[in-house]
Amino acid sequence: GLLAIRIPRSSPKQDGNFQWLMPFDANDPRADSATWHFDGSLMDGEVAALRVTGFGIAITADNGDLLPIARGAPPRWCATAAAAEAWALLQVLRHTAFAPKMRTDCLSLLTTSRQGTALATGPGRPLARIWREIADILDGDITTLTRHGLLIWQPAHQTVHAVGERICSDGRKLSTVNWRANRLVDAL
């Protein structure tokens with residue numbers, strides 16, 4: 001026998017959502033030099049009706065302490081993993097007065113930043129809408145992210161054996177704190 005039931009889908013939020021899971025204290029002196037780790041994800045990408053994107057953010061102090069964490073979902077039109085990653089970057093920049101130190105496992109964000117605002121926001125670019133907002137926050141120049149070493153790429157989905165072995169885009173070896181933070185934002 002075959003049983004078919006109709007389950008109503010929840011209506012998607014057009015503006016996405018953002019939720020601090022631990023409160024963010026902008027007055028915490030550790031926040032000024034903290035590193036913001038973020039990751040965007042896509043689940044069930046093959047089936048458009050089931051496709052879900054989301055992101056996670058974790059902030060770590062220089063001494064490795066975990067500061068606030070957050071998660072959220074981009075708007076419905078962000079329907080790819082790359083869009084979720086770019087949206088996560090945008091959220092970090094929206095929640096800071098100045099671009100902080102950031103870490104991502106999405107190499108295309110660094111590549112796009114290096115190519116510059118004109119190319120990232122050009123006609124026909126699928127993520128131009130997000131990059132336009134990022135550029136506005138950065139006074140029109142997205143190369144600021146990579147030129148000043150604010151956005152660092154690190155290898156993703158590594159075992160603990162990668163710590164101290166794998167190299168990040170800044171030429172430094174993957175640290176335990178960065179490895180753990182990346183696993184946390186991936187889970188968020």
Side-chain angles (χ1 to χ4, degrees), residues 14-20 24-42 53-62 67-156 167-172 177-178 181-182 184-186 188:
Q14 292 302 315
D15 294 330
N17 62 59
F18 184 93
Q19 174 188 21
W20 287 108
F24 177 60
D25 180 9
N27 295 321
D28 186 333
R30 300 174 297 173
D32 291 337
S33 61
T35 301
W36 291 59
H37 307 262
F38 63 90
D39 193 21
S41 299
L42 168 70
T53 55
F55 64 90
I57 298 171
I59 307 170
T60 58
D62 284 342
L67 299 177
I69 59 174
R71 68 177 174 195
R76 183 85 172 145
W77 53 265
C78 288
T80 65
E85 295 276 5
W87 189 262
L89 170 59
L90 175 60
Q91 297 314 300
V92 169
L93 295 172
R94 281 181 173 173
H95 285 87
T96 56
F98 301 98
K101 295 184 293 187
M102 297 169 277
R103 287 194 164 259
T104 181
D105 62 11
C106 182
L107 190 56
S108 69
L109 292 178
L110 271 74
T111 303
T112 302
S113 172
R114 287 182 186 126
Q115 292 172 342
T117 304
L119 189 59
T121 61
R125 294 299 295 233
L127 303 180
R129 183 176 182 178
I130 300 171
W131 282 105
R132 173 76 294 168
E133 287 192 56
I134 292 170
D136 289 344
I137 291 169
L138 298 171
D139 295 327
D141 185 10
I142 66 172
T143 63
T144 299
L145 296 172
T146 49
R147 194 175 63 248
H148 294 293
L150 297 172
L151 184 61
I152 304 298
W153 170 85
Q154 71 180 47
I167 305 296
C168 301
S169 66
D170 61 356
R172 296 182 181 167
V177 170
N178 293 327
N182 183 258
L184 174 60
V185 294
D186 196 34
L188 289 171

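Since the structure is predicted, the reported quantities are computational estimates derived from the model, not experimental observations. The first residue of the sequence shown is numbered 1, and numbering continues consecutively from there.
Taking CG from L150 and CG from D170, the interatomic distance works out to 12.0 Å, rounded to the nearest 0.5 Å. The CD1 atom of I137 sits 12.0 Å away from the OG1 atom of T144 when rounded to the nearest 0.5 Å. Distance check, rounded to the nearest 0.5 Å: CD of Q115 to OG of S108 gives 10.0 Å. Between the OG atom in S113 and the CH2 atom in W153 there is a gap of 16.0 Å [rounded to 0.5 Å]. Note that CZ of R132 is 14.0 Å distant from CG of L127, once rounded to the nearest 0.5 Å.
For R129 and W77, the positive end sits near the middle of the six-membered ring, less than 6.0 Å away and at most 45° from its axis.
Checked by atom type and distance alone, the side chain of K101 never pairs as donor or acceptor with a backbone atom of A34 at under 3.5 Å. Side chain of T53 to backbone of C78: a donor-acceptor contact under 3.5 angstrom is found. Q154 places a side-chain N or O within donor-acceptor distance of the main-chain N or O of N178, the cut-off being under 3.5 Å. The backbone N or O of A128 lies less than 3.5 Å from no partner atom in the side chain of T121, so there is not a single donor-acceptor pair.
Side-chain contact between I57 and R71 is absent, with no heavy-atom pair separated by less than 4.5 Å. Counting heavy atoms from C-beta outward, L110 and T104 have side chains that approach closer than 4.5 Å. Using a 4.5 Å heavy-atom threshold, the side chains of R103 and N182 count as separate. Looking at V92 and P100, their side chains come closer than 4.5 Å, going by heavy atoms from C-beta outward. The shortest distance between side-chain heavy atoms of H37 and T60 falls below 4.5 Å. C106 places none of its side-chain heavy atoms less than 4.5 Å from the side chain of F38. Put simply, the side chain of T80 does not reach to within 4.5 Å of the side chain of E85, judged on heavy atoms. Residues I134 and L89 form a side-chain contact, since some pair of their non-hydrogen atoms from C-beta on lies under 4.5 Å apart.
Across all non-hydrogen atoms, the minimal contact from A135 to T117 is CB-CG2, 3.6 Å. What you find for G54 and A84 is that their closest heavy atoms are O-CB, 3.8 Å. Of all heavy-atom pairs between T112 and I142, the closest is O-CD1, 3.6 Å.
Residue R172 qualifies as open at atom CZ: its count of foreign heavy atoms under 6.0 Å is 12 or below.
Using cut-offs of 30° and 60° for the angle between ring planes, the F24 and W20 rings count as parallel. Between H95 and F18, the two ring planes are parallel [angle under 30°; tilted spans 30° to 60°].
Among residues two or more places apart in sequence or in another chain, the salt bridge (charged side-chain N to carboxylate O under 4.0 Å, His left out) test is passed with R147 by D141. In this structure, D39 has no side chain to side chain donor-acceptor pair (under 3.5 Å) partners at least two apart in sequence or on a different chain. Partners of D186 by salt bridge (charged side-chain N to carboxylate O under 4.0 Å, His left out), not counting sequence neighbours: none found.
If you run side chain to side chain contact (heavy atoms under 4.5 Å, CB included) between M102 and each of I152, L93, L109, only L93 comes through.
Ring centers of W36 and F55: at least 6.0 Å apart, outside the cut-off.
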